[in-house]
Structures are given as C-alpha cells and as structure tokens.
4 protein chains.
Amino acid sequence: MEAGDGTVAERVRADSVRNRRLLLRAATEAFAECGVDVPMSEIAQRAGVAKGTVFRHFPTKDDLLVAIMMQLLDRLLGTADRLMRAADAGHALRDFMAHGIGLLAADRAFCEVIGRPSLQHAEVRDAIDRLCERAEDLTARAREQGAVRADITGTDVVLLLGGIHQTAQPLLDREPRAWQRFLEIAFDGLRARNSAVLPYPPPARLRVADPAGSPHAVHT
Amino acid sequence: MEAGDGTVAERVRADSVRNRRLLLRAATEAFAECGVDVPMSEIAQRAGVAKGTVFRHFPTKDDLLVAIMMQLLDRLLGTADRLMRAADAGHALRDFMAHGIGLLAADRAFCEVIGRPSLQHAEVRDAIDRLCERAEDLTARAREQGAVRADITGTDVVLLLGGIHQTAQPLLDREPRAWQRFLEIAFDGLRARNSAVLPYPPPARLRVADPAGSPHAVHT
Amino acid sequence: MEAGDGTVAERVRADSVRNRRLLLRAATEAFAECGVDVPMSEIAQRAGVAKGTVFRHFPTKDDLLVAIMMQLLDRLLGTADRLMRAADAGHALRDFMAHGIGLLAADRAFCEVIGRPSLQHAEVRDAIDRLCERAEDLTARAREQGAVRADITGTDVVLLLGGIHQTAQPLLDREPRAWQRFLEIAFDGLRARNSAVLPYPPPARLRVADPAGSPHAVHT
Amino acid sequence: MEAGDGTVAERVRADSVRNRRLLLRAATEAFAECGVDVPMSEIAQRAGVAKGTVFRHFPTKDDLLVAIMMQLLDRLLGTADRLMRAADAGHALRDFMAHGIGLLAADRAFCEVIGRPSLQHAEVRDAIDRLCERAEDLTARAREQGAVRADITGTDVVLLLGGIHQTAQPLLDREPRAWQRFLEIAFDGLRARNSAVLPYPPPARLRVADPAGSPHAVHT
DNA sequence: AATGAATGAGAATTCATTCAT
DNA sequence: TATGAATGAATTCTCATTCAT
C-alpha cells in the first residue's frame, strides 16, 4: 500500500521522492537530447528545482549519469527476463532488440557513455555484463531453435543495440521509428541461413578498462 | 632563403601552408582520440604551434572541426568514385563500406559530430548529401546486379557506416578490426535473398536540422 | 513521562536543553579539530541532530561560534577569579597562563577567531576585555610581590596565551604538552630580574575593529 | 642588465612578468589580510587582472599559496645566511628573529599555513626544514658565546617567530611595531641566565604529516 | 520543536576567443 | 604572421540558511 500508509516519517520524504523522480525524468531527457555534456544547471531547470537540489540527490554529475544508465539497463534486464519465457526464441530475441533500441532511440547519452572508457563506472560496467549474460541466454535459445547463426553471442546482440540505434539516429528527429528498418536488416544478417563464417570471432566481453590482453587472437 | 626560391612574403606563405597542414594532422588525431571536447590548446600543442596560430587558420573551433570532417568525407567521396569503375558492384559496395568504417574506426569525433545537430554545419551536411548520392550510385549498380535488396538506398549505406562502426566501438581499443564482423552481418542483411519487405521505408535524406515535415509518412 | 515530573511542554524543553548541550559539545570539538571552516552539517552530525536543530538554537554560524568562545572565556574568567585567592601571586599568574594555554591547545578555532577582526563580535570582545581586567588583577599582585617586571600588564598576559599556544601549535599533534616549554621561556622573560625597559609600551586594549586612533603614540 | 636588453622574445614576456609581480604582491597582501580563505577573485581584483590570469600564472590556489610562502621563507633564509657573518652571535640571533617577525607581521596566512597539516606542501615543508637548520646554525653560535640557554635549538627559534607574531597580532592593526615588546620578553626568556631546566625537551622537527611516533618521550 | 529537503550565492577551475607585442 | 598572455563566460560543486512537513 505505497500511498495509503503515510506515517509522518514517510510523508517528510514525499516531496523528496517526487523531486527525485522529476530529476531523473529531466536528466534522462536532458542527457538524451544534449548528451553527457549538458550542464547540471540545465537539468535543474528542466526539473524545476534549484541547482543545489540536484546535488542533494546526486552528489556528483557522474552519480546522476550512472543512475540514468542504470535505469535504462534495469529496464532492459527486465525485458530480457520476461522474454526468456516466450516460446519462439527467435521472435523473443528480436523483441528484445526492438525494445532495447526503442529505449536507446530516445537517448543520446547512451552512445557516449558506452563509447567512452573514461565514463565507465564499475556499476554500469557490471550491469552491462549482466545484460550480456541475459542476452546470451536469449541468444542461446534462438541458436538452438535454428533462428540465428551458430556463432552469434549475447554480446553481439548487445553491441548491435547501440549500433542499430546509431544507424538510425540521424533520422530519429523526423522519423522516430526509422530504427525498425535497420533492425530488420541487422536481424536478417543474424539469421542462420547466412552460413558463411563471420570474418572476425565473437567478442568475449565489453570491459573496456582492463589492461589485459585481448581475449582471443585476431582472426585474419 | 631556404631554397633560394622566393621573397620573404612567399616564405611566409609557405610557413603558413605548412602550419595549416600540421594543424589538420594534429586536429585529426586529437579529435579522433579524444572526441570533440578536446581543448584547442591540446591541438595547438600537438601541432607544435601557439594557440593563436590555430585561430588564425580556423577562426573558431567549429571551423576546424568542419575542416576535419570535410577531409574525411572527401576521402570517402574519392573512394566511392574509384569504386564505380569496379566490375562486381556488390563487391564494390562492400569495399566502400569497409573503407568508410575503417576511416571512422580511428575517429571518435565523427560519431559525435554526426549525432549532434548543433554541430551540423551546412558545408558538412552538403558533403554528406553528396556522399549519399555517390553511395546511391554504387548501390544502384549493386541492386541492378542483384547483389542487394531492391529497396536499399545509398543513404541506408551511409547510415550503416556510422552504425556498424558504433557497434564495434566498445571493442576497438583491444581489437581494432572487430568491425569486420559486424560489417559481414550487416551486409548479409542487405543481400537480395532477404526478400521480405523492410518494415520501414528508405530514408530520403540526412538533413537533420531542417524543421520541415518528414519526407514520407510513417509506415505502420 | 520519563521521570513523572512534568508536562509535555516541560519535557520538550528538557529535550531542547539537552540538544543545546550536545550541540555545544559537538561544536567545541568540531571547531577545535577543524577550525572555523568546519561545515554546520558536520557539527549537526557530531551532535546527532539535524541541521535545522542547530539553527533553531543558534540562528547563525557566528552565533554558535560566539557561544563556543564565550564558554572558553568564561572558564578562563573563573580560573582567574579562583587564582586571586592564591598566596603566591607569581605562581598564580603562571597557573593562569598554563590553564589558558591548556584550553587553547585543544582548540584550532581560537587562534582563527582572535586573529580575524571580521569574526570579532561585541560579546566576545567584551569578554576579552573582562578577561584582560582579571588578568590585570592577577598581574598587579604579581608585580607587587616582585614576581614579574613592573611594566607587564594583564593585556600582555592575555596576548601571551595565544602567542605561546601558537608557538607550540605545530608540535601539538605529536606532543600535546610541548607548550609547557614555551610557557617556561615566556615566563622567564616576564620575571622582574629582566629589568631593562621593554622596547615598546604596554598595550592598552585588544579592541581590534574600532577605527579610532591608537591609544598611545608609537614608541621609537 | 634586467631592463636594458629587451629582445623581442623577452619583451613579449614583459607584461607577463609585470602581472606575475602584481599578482604576487596582491596575493601576499590578500592572504596576509584575509587569510587563506580569500577568494581567488579577490586576488585577481586587487592585482587588476581577470580571474583567468591568476590561473595562468598559478594553476591552482595552492600553487599561489606555496609561491607566497616560498617568497617569505626565501627571504628569511637569506637573512639567516647574512647574519652568520656577524661577530656578536646573540645580537645576530635577535636580529634574525626581529626580521622574521617583521615579515610575518604583515602576514595572516603564515600562521594558518604553518598550523594546518592539510596545507603543508612538500616544498614548503622542505623550506621550513632548511630554515630550522639555518636557525640552528645561528643558535649554536649564540649558545657557544653564552648568549642563550644551552638547550635552545633552531627549531625553538623558528617556532617563536610565529608565536611572537601571533602574540602581537591583535595589536598590529593599530600598532604595527608592537611585536618588538614581545620579542624582547621572549628573548629575555631565552637568555643563558635563565638556567633552570626547561620543563619540556626541545622539539626535533616541524614535519607535521609524518605518522611516525614522537621523537622523544614526554617530559613530566 | 525537530527534521532534512530546497535554496541560491559563491568558490575554484576550464577553455574558446581576443589582442598586444 | 606567430605568439602566448589576458579575458570572462560557463561549469561543477559547497554550504549557510530557509522552510514545508
């Protein structure tokens, strides 16, 4: 009974919870539209609060950015879990991709965060790892059902989310669903009938900062 | 009198030309490595000149960025022209994409510039338009030879350059050629045997900032 | 009904008194350890109350600082009063100084407050004036008993408290009693056998902020 | 010939050198008057330059503070060196102290910097170490000539500089030479005729940050 | 009365751009 | 023309103080 039990102690927080929500929404929008370089003051303004309030909720800009990314990733993880129960694994994988790209389609910051090692926080990296694992679960089923090539991995799928989104991005302002075209193309490329071996082995992991050697030799 | 060949004025101009070249090279590197937020002072330092000299050659940072982008686009245009003479049009189209992605693979700034309407200068947009036209020429031949789907356009191909690059980007630090994998997947998706109609019509143009209506109705 | 002794209003007041005490203790510690720049939030936390409560008791940070200083000064005044009853006036004066420096030795803020005119509140200045008077009473007895030079005043003694403390301060972290060494040196300097006239007349008052002229001409 | 040889290369710097001097002067004043918390903008304004110019010359506020401290310490070191050649070592030691206190008398920041471990930069600490060594050289001669107690060290002398300054500080606004009075008292306390053993052993070093144990046992 | 969320003035610092030399 | 010093707007973040609950 989230709204019915307001004791005094909880009611004090009601404003704060509302502001936090406003902030996350405003920040999601602002990052999506303007990228990670959007000033905190802009986010505060969009949320209708003072600058100080942003910092009360998120002590640093990075914390806010991480929170936004985690929101996105958590939703994706939830979707992946849900789709594991679908009968048609190929369909489920496609739906997962569609959902993921749909989320990204509104988000300029994601590309920047994913691409920049300097912005990679442990929490976000871990969530991406988990996402790759879930995506691998979905992909494994699709492989077993013969819906996709044998050498496609969950990490491929996650990478393609960002890539397909990026492909359509220049069009999104005017045609917000244009990414569907490129998802279709990419998914056709993943299908099992494309039997020729891919010219480069599957990626192992997305961890960027690890100074260790690459996980497998370069394939000529 | 370095080479006995000129007046003082000419020598001065020669220095200037040399500095411009140094600057373009340094800026290309710096933008590629660090993205568009790299400070002008960093570029000046890499070029071995003073900050003022950068601004003499490029009155604003945007001008420099445009010059870099034009360089990149010019090279791509040249490649497209050259490949028009290849016999196998499907092969040629693939080579064009490989060359384009290879250029982008070393360039952090390109994704950022393409994605940000605020950074889109008329000159760059025009060059991208021209690139789409050349890509369309290559694509038309490939379509005619049955190498790719009937409803694939040059603009699709140009958009895919950025998208495929973005797909592989998180891997590029450790595996600089990982994009080849995703080019193969995408190109398989473009092939003619994928005959099902795409769920979204081909994009007409890439002009981002124009507030005019979209060129065709959204496809449900 | 904690002790069965009061109405709700009285209990509330009791809490308030308790909080005030907690706050003074916490603030004394915090100012002593960290200096005047310690944030109010730190003080609230140390006291185990919310920030708002600090401001209910002390409307501004300055008010709190003044309260702390008054505490310190009151203790010193009490010590001075007590020592007026000692038989050996020289000994008493020394004990007064030792007690004062001991208090300061644990207090980073005092030096900062004393040194900064901007922080000098009327109340604190008045207390310092009173302290100088009490110190003068002690000093007068010591002068009469031949324990210190004839031209030493109470104000000299009060100033020396801060000075001796400051002398030892860099050592206090590792050797909390190091000030005893410098008190001994200074007190030896005050003794009557040092009969040569001091090269500068005794200070009249400590009032710092008054823009009026100096109380006596500069001695060349 | 500092001013006579202005080549082009050096003339370019002429402004800069002048601004640096203005800045050091303004900062010395500002720190002396207001303490280390004076805003950089205040220093810029006093120097008549823009904020950015301060940061061009001193990349961080700490750098500026260190520069100011080093200026002061260098002057003191120079004085110590000069006074080593004086015949009367007691007189020389006193002159050293007078000179040091005179420098400090105009400087509020010194006390704060000396007292706050967090502000102790290696460079400053090293200079203070060197100053203690020079002071020890002067003190050793004075000890040998019987001018001061046998157990007074150079570190004592350096500590007394700050202490005597602090003693007089509240008076300095109105009576800039009041410190002479307290120097006389302190120096009388140092004299050899005060033969009673001091109640605390001499300090070994001023290094504050070292987490090692204290250099000698506490003397009761 | 207590709480702790919100406020907003201000601090250090960065960097594109201008301009004197 | 090249230089690099100066500028000042913008940005992140802090903290005393106010105020709704």
Side-chain angles (χ1 to χ4, degrees), chain A residues 6 8-20 37-42 44 47-62 64, chain B residues 8-9 11-13 15-16 19 37-45 49-62 64, chain C residues 8-9 11-16 19 37-44 49-62 64, chain D residues 6 8-20 37-44 48-62 64:
Chain A
V8 172
E10 276 158 357
R11 235 188 271 131
V12 168
R13 271 188 181 163
D15 279 32
S16 182
V17 167
R18 186 176 143 274
N19 270 343
R20 190 185 174 89
D37 287 334
V38 69
M40 291 296 259
S41 54
E42 165 81 15
V49 302
K51 247 182 328 182
T53 304
V54 188
F55 287 95
R56 155 167 280 275
H57 287 276
F58 304 97
T60 71
K61 192 179 181 177
D62 265 9
L64 177 52
Chain B
V8 170
R11 246 189 302 124
V12 168
R13 177 133 11 130
D15 270 16
S16 180
N19 273 344
D37 287 334
V38 70
M40 290 294 262
S41 55
E42 165 82 15
I43 294 170
Q45 205 181 354
V49 303
K51 254 191 325 183
T53 305
V54 187
F55 285 91
R56 166 163 298 276
H57 288 277
F58 304 96
T60 71
K61 192 180 183 178
D62 265 10
L64 177 53
Chain C
V8 170
R11 246 193 302 124
V12 167
R13 180 135 6 133
D15 269 16
S16 180
N19 273 344
D37 287 334
V38 71
M40 289 296 261
S41 54
E42 165 82 15
I43 292 170
V49 302
K51 251 191 327 182
T53 305
V54 187
F55 283 92
R56 167 164 295 278
H57 287 278
F58 305 96
T60 71
K61 191 179 184 178
D62 265 10
L64 177 52
Chain D
V8 171
E10 277 160 356
R11 237 187 269 134
V12 169
R13 271 189 179 164
D15 279 33
S16 183
V17 167
R18 188 177 143 271
N19 271 343
R20 189 184 176 90
D37 288 332
V38 70
M40 290 296 259
S41 55
E42 165 82 14
I43 293 170
V49 303
K51 247 182 330 182
T53 303
V54 188
F55 287 93
R56 156 165 280 275
H57 288 275
F58 304 96
T60 70
K61 192 179 181 179
D62 265 9
L64 177 53

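These values consider heavy atoms only, across backbone and side chains, with no hydrogens, waters or symmetry-generated copies. This one's a predicted model, so the numbers in the text were calculated from it and none came from an experiment. Residue numbers start from 1 in every chain, and the chains themselves are labelled A, B, ... in the order their sequence lines are given, proteins ahead of strands.
For dT1(F), the OP1/OP2 oxygens have no side-chain nitrogen or oxygen of Ser16(B) closer than 4.0 Å. Between Thr53(A) and dT7(E), a side-chain N or O to OP1/OP2 separation shorter than 4.0 Å is present. Between Asn19(C) and dA2(E) there is a side-chain polar atom (N or O) within less than 4.0 angstrom of OP1 or OP2.
Thr60(A) meets the side-chain hydrogen bond (donor to acceptor under 3.5 Å, both in side chains) test with Asp63(A); sequence neighbours excluded. Every residue was checked against the side-chain hydrogen bond (donor to acceptor under 3.5 Å, both in side chains) condition with Gln45(B), not counting sequence neighbours, and none meets it.
Sequence order on DNA chain F of the closest nucleotides to His57(D) and Val38(A) puts His57(D) first from the 5' end. If Val49(C) and Val49(A) are placed on DNA chain E by their nearest nucleotide, the residue sitting closer to the 5' end is Val49(C).
Taking atom CG of Leu64(A) as the reference point, atom C1' of dT11(F) lies 15 Å away to the nearest angstrom. Atom-to-atom, CZ of Phe58(B) to P of dA2(F) comes out at 12 Å; the value is rounded to the nearest Å. Atom pair Arg18(D):CZ and dA20(E):P shows a separation of 14 Å (rounding to whole Å applied).
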Quick test: give all pairs of protein nitrogen or oxygen and nucleotides 17-19 of chain E nitrogen or oxygen below 3.5 Å, distance rounded to 0.1 Å.
from    : atom 1 : to       : atom 2 : distance (Å)
dT17(E) : OP2    : Lys61(B) : N      : 2.8
dT17(E) : O4     : Lys51(B) : NZ     : 2.9

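Heavy-atom minimum distance, Ser16(A) versus His57(A): OG-CE1, 3.2 Å. When all heavy atoms of Met40(C) and Val54(C) are compared, the pair lying nearest together is CE-CG1, 3.6 Å.
In this structure, CG in Asp37(C) is found 4.0 Å from CG in Asp37(D), a value given to the nearest 0.5 Å.
Counting only distance, with no hydrogens or angles, the side chain of Lys61(A) and the backbone of Pro39(A) share no donor-acceptor pair below 3.5 Å.
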For DNA chain E, the dot-bracket pattern of Watson-Crick and G-U pairs whose distances stay under 3.5 Å, | for other-strand partners: .||||||||||||||||||||
